[in-house]
Amino acid sequence: MTQLALVIDLNVCVGCHACVTSCKQWNTSGWAGPMVDENPYDANPTGTFFNRVQTYEIGSFPSTETVHFPKSCLHCEDPPCVPVCPTGASYKREDNGVVLVDYDKCIGCKYCSWACPYGVRELDEQQQVMKKCTLCIDRIADHTLPEPERKPACVMACPTNARLYGDVHDPDSEVSVAIRERGGYALMPEWGTNPANHYLPRQKTHMHVTEEDLQRSDNPLTKEDITVYQGEETMEDVTW
Amino acid sequence: MHPAFSVIFLTTLIGAGQGLFLALFTGQLYSTVRLVEQQPSSFYAVGSALSLALLVGGLAASFFHLGRPERAWRAAAMWRTSWLSREVIVLPAMMGLVFLYGVFHWAGWTQPWLVLGEGALTIDATFVLGMLGVLVALVLFVSTGMIYASVKFLQEWSSPYTIANFIFLGTASGFMLAAAYSALIGNNLVSFFGTWAVIATLLGLGTRSASLMRNATLKHRSNLQTAIGVRHRGIVQKSQGFSADSFNTREFFHHQSLRTLKLIRVAFLILVFPVPIMLVLLGYQLQSTTLPILAFAIQYLGLLAERWYFFAEAQHPQNLYYQQVS
Ligand code: SF4
Ligand code: SF4
């Protein structure tokens, strides 16, 4: 079975929020109606987002690192949010594993949001139904779009290619290889939700230069021999 | 979690309604085997009406919790997996049984179907309805409790104590109400119901204190390290990704000071347990008809505080991701 998912590369995410805005732009313009904002240009703006980019500081000054951390529904393989829904509005698609909400069935009881440990479901303040990342189901399942565009809007928008997208059940997919070879991990593994989305950990990027590297014979930094040779036998005179 | 008044009223009102029904049927059971005096049918009919009113009140309160109350009927669909769905089915079933129980008493449809042990136990329609009602009331308590207890990462709730508390506290307030009701109409069941109310309250005290103690030393399994998957002791959130609030900051935080929390805990520990027990005992001593009513009213107030605290105390792991506005 296919399980579509995102893999987020924390090495290259620069926290630009392009995925946040492109997600909002695409999903607020779709058939499902707007993702409502309140007081967008005032104090205390608030609104519905499927994807947020958070920032964490790790370590203590001066040895700190800033980690930008995009977070959206992880499309869990064992989603705790689905069985608790009393109406069946929350469901996991059989064919591609995407977890979705049927906005026409949802009664806005918020129980599913209590049952998600990751805090990625948001009740829309005006429509009063539960909303969450759809993995841009209306892009990825739209066969009228050219193949390279059948990707979530956030993946298309990311300028550093920090968001990989594909089938994590296909061992040869880009995402599976990335998870396998670059230490991809799941969030809060302690709850057995088996998130489909994974994160690639930061790798050390220090460059180590040894003395030998600097002193090697062809090192352009070694002093050039500028002696002018006169009369003596030089290499050019040697007949081989 | 943010304590929503809709749910606080829902759980306390239906708890009292179920408890009152349990009390009425306990009274009927005792009077059939002649341990207490026979009551007129109006006692059961009016009592059932009161219980039904509480259940309806609870249901009405629950609608305020829904974003789309006009679609509430859909919530019965997923009873195979969802405790919320089960509650949605069992609550109307409870109402129906309480209604029938009251109607049968009112109409006097109590011709015995079966007489056991030389007239020691007569079984009629109200007896069967009552037994069914007791069963459904218990199922309803369990369904309500399991809505909370089944969310395993809300560790404060995820324990059998949650269900025990719903059962005992609901039963206690129902029997208190039965005592108050008996005192009001001046029958001689006040001390009978009062005694059971005290027993249920004491049982509730046991399980509620046990859950408070459990939660005081609870170790949360999730932390910032597992939340973002970085193994380092010093992680600080610098931005939660937006500059004001969101559903995540409104729904999952109580936004109250630790002092308020402690105050409410002390308040409910006093109002739910010692005060009503004292009032019932005092009422028994003084043969007072007002003290049992006061006991119920004070305990109900206390239960509102208890439920508020129940929600506020639970710490959702999602809160780890929402620590810093900027
Ligand atoms: S991340 Fe949350 S909302 Fe998404 S599938 Fe998992 S539990 Fe459900
Ligand atoms: S808020 Fe909607 S999707 Fe979530 S559990 Fe309730 S009915 Fe289901």
Side-chain angles (χ1 to χ4, degrees), chain A residues 10 15 17 20 39 43-49 52-60 64 66-67 69 71 80 82-89 104-111 113-125 127-130 185-191 199 201-202, chain B residues 1 4 65-88 147-148 150-154 221-222 224 226-230 232 234-252 316-322 324 326:
Chain A
L10 296 179
H17 291 244
V20 179
N39 313 323
N44 297 319
T46 181
T48 312
F49 284 82
R52 312 251 190 194
V53 177
Q54 310 191 315
T55 302
Y56 295 86
E57 190 173 87
I58 292 159
S60 44
T64 52
T66 302
V67 171
F69 184 81
K71 181 165 80 76
V82 168
V84 300
C85 173
T87 62
D104 294 330
K105 277 191 190 162
C106 174
I107 58 172
C109 70
K110 312 179 202 105
Y111 193 27
S113 70
W114 295 10
C116 166
Y118 307 103
V120 295
R121 291 180 163 251
E122 302 188 11
L123 188 86
D124 193 282
E125 283 303 314
Q127 294 173 17
Q128 289 293 321
V129 293
M130 197 51 74
Y185 64 88
L187 305 184
M188 290 188 191
E190 59 271 26
W191 300 118
Y199 286 77
R202 281 280 174 91
Chain B
M1 301 291 293
H65 187 70
L66 301 184
R68 294 290 197 121
E70 76 279 6
R71 298 177 180 168
W73 59 272
R74 286 186 180 276
M78 300 308 280
W79 55 273
R80 282 186 200 80
T81 58
S82 168
W83 282 104
L84 179 51
S85 193
R86 289 171 198 161
E87 187 191 43
V88 165
I147 290 176
Y148 307 99
S150 66
V151 184
K152 61 183 170 188
F153 40 79
L154 273 162
R221 288 179 67 190
S222 292
L224 214 42
T226 69
I228 67 167
V230 173
H232 197 292
I235 306 178
V236 188
Q237 186 171 55
K238 290 292 166 185
S239 164
Q240 60 188 7
F242 45 99
S243 52
D245 59 358
S246 76
F247 175 73
N248 307 82
T249 61
R250 289 189 292 267
E251 180 74 5
F252 297 93
H316 200 288
Q318 78 107 38
N319 293 4
L320 293 167
Y321 294 107
Y322 298 94
Q324 187 65 53
S326 77

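What you see is a predicted model; the values in this text were computed from it and never measured. Note on naming: letters A, B, ... go to the chains in the order of the sequence lines (proteins, then strands), and numbering restarts at 1 for each one.
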I'd like to know which of [options] tops the heavy-atom pair count under 4.5 Å against chain B.
{"options": "A:Arg121, A:His17, A:Glu57", "answer": "A:Glu57"}
{"options": "A:Ala89, A:Ala186, A:Gly108", "answer": "A:Gly108"}
{"options": "A:Gly59, A:Ala43, A:Gly88, A:Ser60", "answer": "A:Gly59"}

Select one option (side chain, backbone, both, neither) describing which atoms of [X] are under 4.5 Å from chain A's heavy atoms.
{"X": "B:Ser243", "value": "side chain"}
{"X": "B:Val88", "value": "neither"}
{"X": "B:Arg250", "value": "side chain"}
{"X": "B:Thr249", "value": "neither"}
{"X": "B:Ala75", "value": "both"}
{"X": "B:Leu154", "value": "side chain"}
{"X": "B:Asn248", "value": "side chain"}
{"X": "B:Ile147", "value": "both"}
{"X": "B:Gln324", "value": "neither"}

Pick one of side chain, backbone, both or neither for [X], based on which atoms fall under 4.5 Å of a heavy atom in chain B.
{"X": "A:Pro117", "result": "both"}
{"X": "A:Tyr199", "result": "neither"}
{"X": "A:Cys109", "result": "both"}
{"X": "A:Arg202", "result": "neither"}
{"X": "A:Val67", "result": "neither"}
{"X": "A:Thr66", "result": "neither"}

Heavy-atom check, side chain of [X] versus side chain of [Y], under 4.5 Å:
{"X": "B:Phe153", "Y": "B:Arg221", "result": "no"}
{"X": "B:Arg68", "Y": "A:Cys106", "result": "no"}
{"X": "A:Arg52", "Y": "B:Gln240", "result": "no"}
{"X": "A:Tyr56", "Y": "B:Tyr321", "result": "yes"}
{"X": "A:Leu123", "Y": "A:Ser113", "result": "no"}

Choice from [options] maximising heavy atom contacts with chain A below 4.5 Å:
{"options": "B:Ser82, B:Ala244, B:Ser85, B:Ser246", "value": "B:Ser82"}
{"options": "B:Val236, B:Val151, B:Leu320, B:Ile235", "value": "B:Val236"}
{"options": "B:Arg74, B:His232, B:Gln318", "value": "B:Arg74"}

Plane angle bin for A:Trp114 and B:Tyr148 - parallel if under 30°, tilted between 30 and 60°, otherwise perpendicular: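 B:Tyr148 vs A:Trp114 ring planes: tilted.
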Residues that B:His65 engages under side chain to side chain donor-acceptor pair (under 3.5 Å), provided they are two or more places apart: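 Residues passing side chain to side chain donor-acceptor pair (under 3.5 Å) with B:His65: B:Ser6.
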Pair A:Thr46-A:Glu125, side-chain hydrogen bond (donor to acceptor under 3.5 Å, both in side chains): steps then yes or no: CA-CA 9 Å; A:Thr46 181; A:Glu125 283 303 314; over 6 Å; no
Qualifying residues under side-chain contact (heavy atoms from CB on, under 4.5 Å), relative to A:Pro189, sequence neighbours excluded: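 Residues passing side-chain contact (heavy atoms from CB on, under 4.5 Å) with A:Pro189: none at all.
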Heavy-atom pair of closest approach, residues [X] and [Y]:
{"X": "A:Val84", "Y": "A:Ala115", "value": "CG2-CB, 3.6 Å"}
{"X": "B:Ala227", "Y": "A:Phe69", "value": "O-CZ, 4.0 Å"}
{"X": "A:Thr48", "Y": "A:Glu122", "value": "CA-OE1, 3.7 Å"}

Main-chain N/O of B:Ile228 paired to A:Tyr185 side chain as donor or acceptor, under 3.5 Å: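 Looks like yes, one N/O pair under 3.5 Å.
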